[in-house]
Amino acid sequence: MLETVKQLAEQIFDEIVEIRRTIHRHPELGFCEYKTSDLICSYLEKWGIPYKKGVAKTGVVGLIEVDPKAKTLLLRADMDALPVQEETDCDFKSQIDGCMHACGHDVHVAILLGVAAILMQMRDRLSCNVKLVFQPAEEGEGGAKPMIAEGVMENPHVDAAVGAHVINSVPAGKVLVKYGEVMASPDDFNMTIRGKGGHGAYPHECVDPISIGVQILNAWNALSARYTTPLEKHLISVNMFQAGTCFNVIPDDAYISGTVRTFDETVRQYLAKRMGEIAEQIAAVFGAECEFNFNYLYPPLLNDQAMTDAVRKSAEAILGKENVLEGVAPSMGGEDFAYFSKEVPATYIYYGSGNEKIGAVMPWHNAAFTIDEQCIKTGMIVMCQAALDFGEK
Ligand SMILES: [Zn+2]
Ligand SMILES: [Zn+2]
């Protein structure tokens, strides 16, 4: 079976690389992945795989069903690009100004299409149904939650899920697995401080929102360093502080926003509540008003032990033990695959995509981001093997 998977991956490789390049040339932002969605549907049709389109606007769900009573494994690829101007010189460079697949989601779509084609040909060897989920809008708004709300976990009922991402810090040909905490809750907050503007030489006649904002930022640092257990990973990152128009004018308002990253729900709730209280009280002490908003985004991404073990075993069988690495440190990044992993036992793995010789070294979201396309082969065979092993009698 291992050999068949490898042979089929080899046969289809060039076609899948072409698909990846086509998607790369035509990147689309979250919930606008119309062409990508059409392309996915055209291949599922070509390979005789039934699908549903328009799930959470631009999402597509394909289904390889072997037995309605069998278990169902969900495999997920995200589809969206980023508002980044591509700065590579590859010949399949983005043709859309200011839009680029700088996070490798083009690769994820291509790999999942390859997996679909291979598993369809090996259908009689599958002991589970495979739900192929092409999800819109991972970057920011999040397509996983609305897909679940529209019933992607049912008909047939999903028993487990696997998601994956390319990673340039791991060489192409290898995969990386992680246990437990993988990514944080990427919540955001914003705040407007309303003071009273006036002449910079007469601050006592004004209420300076900039100096009040600085006091609040300092207090938040203390909140993180002195009022939250150092044993729980978390961070408060202020990334916007906008105020003022002129060197001698105290502005009326200041605007501050940023992100809070946590893994623990208690810490998350505590920070959301205390950040707001501290901001309002400091603003009041100095005679300003303050409006603080905290937006809960994705849950933390946690990998299930048994699912991670299972996928690791499949990966080791098809790639060799030496090509399966175990990552230890979680990332403070966020990932809305977390919504699937909240519903069913799930694991999120990484396809090594780095290769110094061809310059595939840039980090995600960089304008010069490129990957070694050999990772497409690795991704296809690992996902296929995981599906073939899942629910095996
Ligand atoms: Zn990204
Ligand atoms: Zn990504």
Side-chain angles (χ1 to χ4, degrees), residues 20 23-24 26-33 36-37 40 56 58-60 75-88 94 96 98-113 115 133-145 147 161-170 172 175-178 182-188 237 239 259 261 297-303 327 330-341 346-354 360-373 375-376 378-379 382-383:
R20 182 258 160 160
I23 301 170
H24 194 90
H26 306 283
E28 296 171 299
L29 296 177
F31 292 125
C32 297
E33 306 95 331
T36 311
S37 169
I40 292 165
T58 44
V60 181
L75 303 179
R76 177 269 213 170
D78 41 13
M79 307 155 71
D80 55 325
L82 285 158
V84 169
Q85 180 68 38
E86 180 159 352
E87 285 171 20
T88 74
S94 168
I96 312 292
C99 191
M100 175 193 179
H101 270 292
C103 202
H105 300 184
D106 52 338
V107 184
H108 304 165
V109 170
I111 290 174
L112 191 54
L113 279 172
V115 170
V133 171
F134 298 89
Q135 181 215 300
E138 188 280 323
E139 307 278 3
E141 273 190 88
K145 199 178 175 186
M147 284 193 106
V162 185
H165 208 294
V166 293
I167 186 168
N168 276 352
S169 58
V170 174
V175 295
L176 179 79
V177 299
K178 279 189 182 185
V182 180
M183 280 193 241
S185 273
D187 299 328
D188 73 52
S237 194
N239 303 317
T259 181
R261 308 282 163 132
L297 296 174
Y298 312 157
L301 174 57
L302 309 173
N303 270 355
S331 148
M332 297 311 277
E335 165 59 71
D336 76 342
F337 182 74
Y339 287 108
F340 296 111
S341 63
T347 195
Y348 189 82
I349 64 165
Y350 293 88
Y351 306 132
S353 53
V361 292
M362 288 306 193
W364 298 303
H365 295 204
N366 189 288
F369 180 80
T370 56
I371 53 103
D372 182 343
E373 287 173 327
C375 73
I376 292 174
T378 316
V382 168
M383 278 293 192

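Atoms within each ligand, like the ligands themselves, are counted from 1 in listed order.
- Nearest to the Zn ion (ligand 2), among the N, O or S atoms that H165 has, is NE2.
- Between Y351 atom OH and D372 atom CG the span is 15.0 Å, to the nearest 0.5 Å.
- Taking 2.8 Å as the criterion, E138 does not count as a coordinating residue of the Zn ion (ligand 1), since none of its N, O or S atoms falls below it.
- When you scan the N, O or S atoms of H365 for the one nearest the Zn ion (ligand 1), you land on NE2.
- The closest side-chain heavy-atom distance from D336 to R76 is below 4.5 Å.
- When the Zn ion (ligand 1) is compared with the N/O/S atoms of E139, atom OE2 turns out nearest.
- For the atom pair S331 OG and I167 CD1, the distance stands at 8.5 Å (nearest 0.5 Å).
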**Message:** For C103 and L82: C-alpha separation, side-chain torsions, deciding distance, then whether side chain to side chain contact (heavy atoms under 4.5 Å, CB included) applies.
**Reply:** CA-CA 8 Å; C103 202; L82 285 158; 4.0 Å; yes
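- Heavy-atom minimum distance, L112 versus V133: CD2-O, 3.6 Å.
- Within the coordination shell of the Zn ion (ligand 1), defined by N, O or S atoms under 2.8 Å, C103 is present.
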